[in-house]
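Just below is one structure, and these are the notes that go with it.
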Protein chains: 2
Amino acid sequence: MPKIVDHEARRRHIADALLRIASREGLDAVSLREVAAEAGVSMGMVQHYFATKDQMLMFAMIQLNARIGERVATAMDAPSPRAFLRAAILELLPLDDERRSEARIGLAFLARSVVADEPADLLRQALPYVIGFYAEQIRAAQELGQVRADLDAGIEAVILYTMAQGLVNPALIGHLSPEEVVATVDYHLDRLFLTSG
Amino acid sequence: MPKIVDHEARRRHIADALLRIASREGLDAVSLREVAAEAGVSMGMVQHYFATKDQMLMFAMIQLNARIGERVATAMDAPSPRAFLRAAILELLPLDDERRSEARIGLAFLARSVVADEPADLLRQALPYVIGFYAEQIRAAQELGQVRADLDAGIEAVILYTMAQGLVNPALIGHLSPEEVVATVDYHLDRLFLTSG
DNA sequence: CACTTTACGATGCGAGTGCATTGTAATCGC
DNA sequence: GCGATTACAATGCACTCGCATCGTAAAGTG
């Protein structure tokens, strides 16, 4: 079996091209030919590595998810639950070009998950994970006396997540500036956390 | 000029068909032929009333917006700012089949607004209006002593809106039940309003 | 050196797309 | 009633799409 090439590396290369197109022109503009052109390869090669377009899409989305997940994981050594939550949320918001790009794709994927099963499954799997992390941090803060004990950590985590998701579009279309987005997040955290000190 | 037909009624009829398709299969599945078939008319007729597909899409979105706006307006005679806000927000969330349908389309439109100019313009125009309404209600509640005076009504309004938008997808893919969605909204309103009583 | 498997590149196909064009009833002002 | 305009219906066109097929060069294994 000839295996001169790195299979996974090729797949990532193609998926990267796909993500670039999706970011620029939306998920609708993603076609086998466009992806091949963007990746600088032939269309036959794209087909060689992905049996169907949907598989290619899902692979790219999982890769994007992983990329964001890694960045959030980097923020996990934050000095306090509040700092971690702040960092984790801001990581998802379109505050610079890279995150703008990711947020565009994420939003398109979110919309797609409403009519297609596979993206919906992926989201249904990822959501408890993300929101659960938030809830854990809030509970940790409660034990540290930094969040009122009578608040519901689970629901606060949901609100945190939904607020972040809801901020994406207004930020992307320019209704909220990056500064306003950050200010909104900080305002909300101020209301959630006790201003100790 | 022969005018045996009601021009606007025909346009609404076609737009309704478009919205049904968009709700069932997503915005991508909307084509001139599909819309014509769904509306029970010829493709030539669709073209007669809409010069381009984009115009048809925008018309349908504006119509959807107006439909939701009317329902929210009905809720405006609520007895208190809190009751109004609650009603206005729940009106946007996918709690029954009709609103599920609307939320699906709205989400697709939201994603489209990130890569297309016209939808983005529409949203940029509508957002200050909606959020402004929320802010007004919160300020009214502050004057009534139902919301702490030191809270920022403008930011609270943004958070209210973003939370609602962020709830749409988790609700649509079934990660949150309608009951959990309502509970989350009520929880947030509980935190925003003073439990005077 | 065969023989198989991998890794493509090239091409083609049927379906579907938005839109333009054409034809034709019907209905108005005159 | 006659020309002009409206309201469609039907068809065609150029294009794009995902995917299948075919051919082939390279690299391993025996």
Side-chain angles (χ1 to χ4, degrees), chain A residues 1-22 24-61 105 108-109 111-112 115-119, chain B residues 1-22 24-61 105 108-109 111-112 115-119:
Chain A
M1 325 152 185
K3 202 178 167 220
I4 190 177
V5 298
D6 184 341
H7 202 76
E8 280 307 303
R10 286 259 202 257
R11 285 167 73 94
R12 283 196 303 269
H13 176 69
I14 294 172
D16 278 341
L18 187 155
L19 293 176
R20 282 197 300 271
I21 297 172
R24 281 203 313 264
E25 311 166 57
L27 266 187
D28 306 358
V30 171
S31 72
L32 297 184
R33 284 163 242 267
E34 279 258 356
V35 170
E38 174 80 24
V41 303
S42 79
M43 190 178 146
M45 177 164 160
V46 174
Q47 283 189 272
H48 178 67
Y49 286 102
F50 297 101
T52 69
K53 185 189 175 183
D54 279 345
Q55 283 181 26
M56 180 174 64
L57 257 172
M58 288 301 294
F59 181 88
M61 290 309 147
I105 309 170
F109 190 69
R112 195 182 167 82
V115 286
D117 279 341
E118 289 196 345
Chain B
M1 325 150 183
K3 206 182 162 213
I4 191 176
V5 298
D6 184 340
H7 202 77
E8 280 308 303
R10 286 260 202 257
R11 285 168 74 95
R12 283 196 301 271
H13 176 68
I14 294 172
D16 278 341
L18 188 154
L19 293 176
R20 282 196 300 271
I21 297 172
R24 281 201 313 264
E25 310 166 57
L27 266 187
D28 305 358
V30 171
S31 74
L32 296 185
R33 284 164 243 268
E34 279 257 358
V35 170
E38 174 78 24
V41 303
S42 78
M43 192 179 144
M45 179 164 159
V46 173
Q47 284 190 271
H48 178 67
Y49 285 102
F50 296 102
T52 70
K53 184 189 176 183
D54 279 344
Q55 284 182 25
M56 180 173 65
L57 258 172
M58 288 301 294
F59 181 87
M61 290 309 148
I105 308 170
F109 190 70
R112 194 181 168 80
V115 287
D117 279 340
E118 290 196 343

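Labels below follow one simple rule: chain letters A, B, ... track the order of the sequence lines, proteins then strands, and each chain is numbered from 1.
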Next on the checklist: Please report the distance, rounded to the nearest Å, between CG in B:L32 and P in C:dA15.
Outcome noted: 20 Å

Checklist entry - NA contact type, A:V30, heavy-atom cut-off 4.0 Å: base, sugar-phosphate, or nothing? => result sugar-phosphate

Item to check | A:M43 CE - D:dC17 C1' separation (whole Å) | outcome: 8 Å

Next on the checklist: If we check side chain to side chain contact (heavy atoms under 4.5 Å, CB included) with A:V46, which of these qualifies: A:M56, A:R10, A:R33?
Outcome noted: A:M56

Checklist outcome for this item: Rounded to whole Å, CG of A:D28 lies from C1' of C:dG18 at a distance of 15 Å

Checklist entry - With a 4.0 Å cut-off on heavy atoms, is B:R10 in touch with a base, just the backbone sugar-phosphate, or nothing at all? => result sugar-phosphate

Next on the checklist: What is the separation between atom CG on A:L27 and atom P on D:dC17, rounded to the nearest whole Å?
Outcome noted: 14 Å

Item to check | Residue pair A:M61 / A:I105: nearest heavy atoms and the distance that separates them | outcome: CE-CG2, 3.6 Å

Checklist entry - Side chain of B:M45: nearest nucleotide among C:dT17, D:dC8, C:dG9? => result D:dC8

Item to check | Sorted by number, the residues of residues 48-57 of chain B with heavy-atom contact under 4.0 Å to DNA chain D | outcome: B:H48, B:Y49

Checklist entry - Within the structure, does a side-chain N or O atom of A:S42 lie under 4.0 Å from either OP1 or OP2 of C:dC8? => result no

Checklist entry - How close or far is atom P of D:dC22 from atom CD of A:Q47, stated in whole angstroms? => result 14 Å

Checklist entry - Quick one: A:R11 CZ to C:dA7 C1', roughly how many Å, whole number? => result 14 Å

Item to check | Least distance between heavy atoms, A:E34 atom then A:A29 atom | outcome: CG-O, 3.8 Å

Next on the checklist: Give me the atom names and distance for the closest heavy-atom approach of A:A111 to B:A108.
Outcome noted: CB-CA, 4.0 Å

Checklist entry - NE2 of B:H7 versus P of D:dA7: gap in Å, rounded? => result 6 Å

Next on the checklist: Between A:L57 and A:E118, is there a side-chain heavy-atom distance shorter than 4.5 Å?
Outcome noted: no

Next on the checklist: Tell me which pairs pass side chain to side chain donor-acceptor pair (under 3.5 Å) where either residue lies in residues 42-54 of chain B, with sequence neighbours left out.
Outcome noted: B:D54-B:R112

Item to check | Nearest to side-chain heavy atoms of A:R33, which nucleotide of D:dC17, D:dG12, D:dA20 | outcome: D:dC17

Checklist outcome for this item: Nearest heavy-atom approach of A:R24 to B:V115 is O-CG1, 4.1 Å

